[in-house]
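I have placed the structure first, in the form of structure tokens, so that the comments after it can refer back to it.
Just so you know, these numbers come straight off a predicted model, no measurement behind them. Letters A, B, ... are given to chains in the order of the sequence lines, protein chains preceding strands, and every chain is numbered from 1. Values below: all heavy atoms of this structure, side chains included; hydrogens, waters and symmetry mates excluded.
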Number of protein chains: 2
Amino acid sequence: MSQISPRPGRGRPRLLPGKIAANPRDQILAAAAELFVSRGYAGTTTREIADGAGLRQASIYYHFGSKEEILAALLERSVQARVEQAGKIEAGMDSVAPDAALYALAVSDMSALVAMPYNIGMLYRLPDVIASPVYDRYGHLRGELVAGYGRVAERAAAERVPAGGEPGLGDLLVQMVEGVISLRREDRIGSTTVATIASACLRLCGIAEDAIEQARETALTALAQT
Amino acid sequence: MSQISPRPGRGRPRLLPGKIAANPRDQILAAAAELFVSRGYAGTTTREIADGAGLRQASIYYHFGSKEEILAALLERSVQARVEQAGKIEAGMDSVAPDAALYALAVSDMSALVAMPYNIGMLYRLPDVIASPVYDRYGHLRGELVAGYGRVAERAAAERVPAGGEPGLGDLLVQMVEGVISLRREDRIGSTTVATIASACLRLCGIAEDAIEQARETALTALAQT
DNA sequence: GTCTATATCGTGATAGAC
DNA sequence: GTCTATCACGATATAGAC
């Protein structure tokens, strides 16, 4: 990154001076994220990215070596936050009730997904992204996420639901949680969305309605302290 | 389609005579399906499709007017079977127990998804497909599918789970059911997969374990008669 | 650090021979 | 009905001026 020298007045001025607020790298990432998510990776051109970022097509190559490098940066961002938060919650699992831990995991993970700029959590679903060589570097992290869900869920479910099926509880729950991605694409995230899905996760573990309600309150107060 | 004249000996012979078995239109569709699903729509070239179908790039344009027309044909195939089956099950819903109807709906829908060539059920998830103008012609059908799931599920759930949340039960269940698409992409469809997910659907409606087991048997015998 | 200009290649689609 | 040949365009990426 020594190539970046943010000294004012350096470099030829941009044509469109309206967007010099944030640093250009982030502007490029933001524009690319929006386009990748709405038109796909292969369906997005570097020219469109440049337009969105407010600079010229060629100028992108000062900040990134290739189009694929932009994708890699976005992929890393999109998985990092989720895995980190999930790890923290699983680490502190022993101090709270198992079902509250699951509720907290679901809520914090969905919050991370919803908070991501331009819904980049869905990059992982795109075939051309998965086929890309850069996917291999971050793909296994999502597997760890599923495994984490599985461990937390098995505890919460106890013996209430038949275990050992394929797909496992972790797969089912991650599938449910990532439903917010589709909902968000359709602009359907409301004030009750996250709570509704989190409750559904506990229901999927055979937890009764009153216990779900209790786990919800425990989880929310625990999350508020973080 | 009057342009198709399958008289033997007509037309210049193909370079690669190995694949003349089925009709060329279907060969093109099959090749396109495999590629769209593995590399995305925009990421697939007509040359690659032609290679997969065993003819030359330009020859595709005898069977389809454009690349988009190929996509439209695949989209139609992928939604038709699901909506049809769902409609039949919902129509015969009164004659079986509500929870058995839901189980049957989930199983038959997942079976349709699993039976689709090259997992084309996932075309609906691709941003460049959704952004394409041809999507508008078939997109609303998926909405009807969700609504159908919602009606069947509300009956099965009765008053056991809080209703009226966003997302609705239909959204949650379709989300679960379409999880087979991801599993299939990862080659993880086993003998218990469909049953596990169908049971999870009922669990999501607050149905108890023994009732789930009973619904399963009722549904399977009902489906066997069809 | 961003620009203009351009090289080089790949794309979807068309024309016309066979 | 499939071929060869090619057009017109748009893609990523590079070179070098400012």
## Note on the structure
Protein-proximity profile, nucleotides 7-18 of chain C, B/S/- by nucleotide at the 4.0 Å heavy-atom cutoff, equals ----BBBB--BB

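Spacing between atom CD1 of A:Ile49 and atom C1' of D:dA13 amounts to 13 Å, rounded to whole angstrom units. The CD1-C1' distance, from A:Ile60 to C:dC3, rounds to 13 Å in whole Å. B:Arg56 places its CZ atom 8 Å from the C1' atom of D:dT4, with the value rounded to the nearest Å. One interatomic measurement links the two molecules: NE2 of A:His63 to P of C:dC3, which rounds to 9 Å at whole-angstrom precision. As a whole-Å value, the separation of A:Phe64 CZ from D:dT14 P is 15 Å.
There is a side-chain donor-acceptor pair under 3.5 Å between A:Gln57 and A:Thr46.
Using a 4.5 Å cut-off on side-chain heavy atoms (C-beta onward), A:Leu172 and B:Met176 make contact. The closest side-chain heavy-atom distance from B:Thr193 to B:Leu183 is below 4.5 Å. At least one side-chain heavy atom of A:Leu102 sits under 4.5 Å from a side-chain heavy atom of A:Leu173. Using a 4.5 Å heavy-atom cutoff, the side chains of A:Glu178 and A:Arg125 are in contact.
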Could you list the donor-acceptor pairs under 3.5 angstrom formed between side-chain atoms of residues 69-81 of chain B and any protein atom two or more places apart in sequence or on another chain?
from    : atom 1 : to      : atom 2 : distance (Å)
B:Glu69 : OE1    : B:Gly65 : N      : 2.9
B:Arg77 : NH2    : B:Asp26 : OD1    : 3.0
B:Ser78 : OG     : B:Leu75 : O      : 2.9

In residues 129-136 of chain A, what donor-acceptor pairs under 3.5 Å come from side-chain atoms, sequence neighbours left out?
from     : atom 1 : to       : atom 2 : distance (Å)
A:Ser132 : OG     : A:Glu68  : OE2    : 3.3
A:Ser132 : OG     : A:Val134 : N      : 3.3

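For A:Phe36, the ring-ring contact (aromatic ring centres under 6.0 Å, His included) partners two or more places apart in sequence, or in a different chain, are A:Tyr41.
B:Asp128 places no side-chain N or O within 3.5 Å of a backbone atom of A:Gly40 that could act as its donor or acceptor partner.
In the region residues 30-38 of chain A, proximity to DNA chain C at under 4.0 angstrom, judged on heavy atoms, holds for none of the residues.
Distance CE/A:Met116 to CG/A:Leu123: 9.5 Å, rounded to 0.5 Å. Between the CG atom of B:Leu105 and the NZ atom of B:Lys88 there is a distance of 13.5 Å, given to the nearest 0.5 Å.
Proximity note for B:Tyr62 (side chain, C-beta onward) versus D:dC3, C:dT2, D:dT2: the nearest is D:dT2.
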### Query
When Watson-Crick pairs (N1 to N3 and N6-O4 or O6-N4) and G-U wobble pairs (N1-O2 and O6-N3) count only below 3.5 Å on both distances, what is the dot-bracket string of DNA chain C, with | for other-strand pairs?
||||||||||||||||||

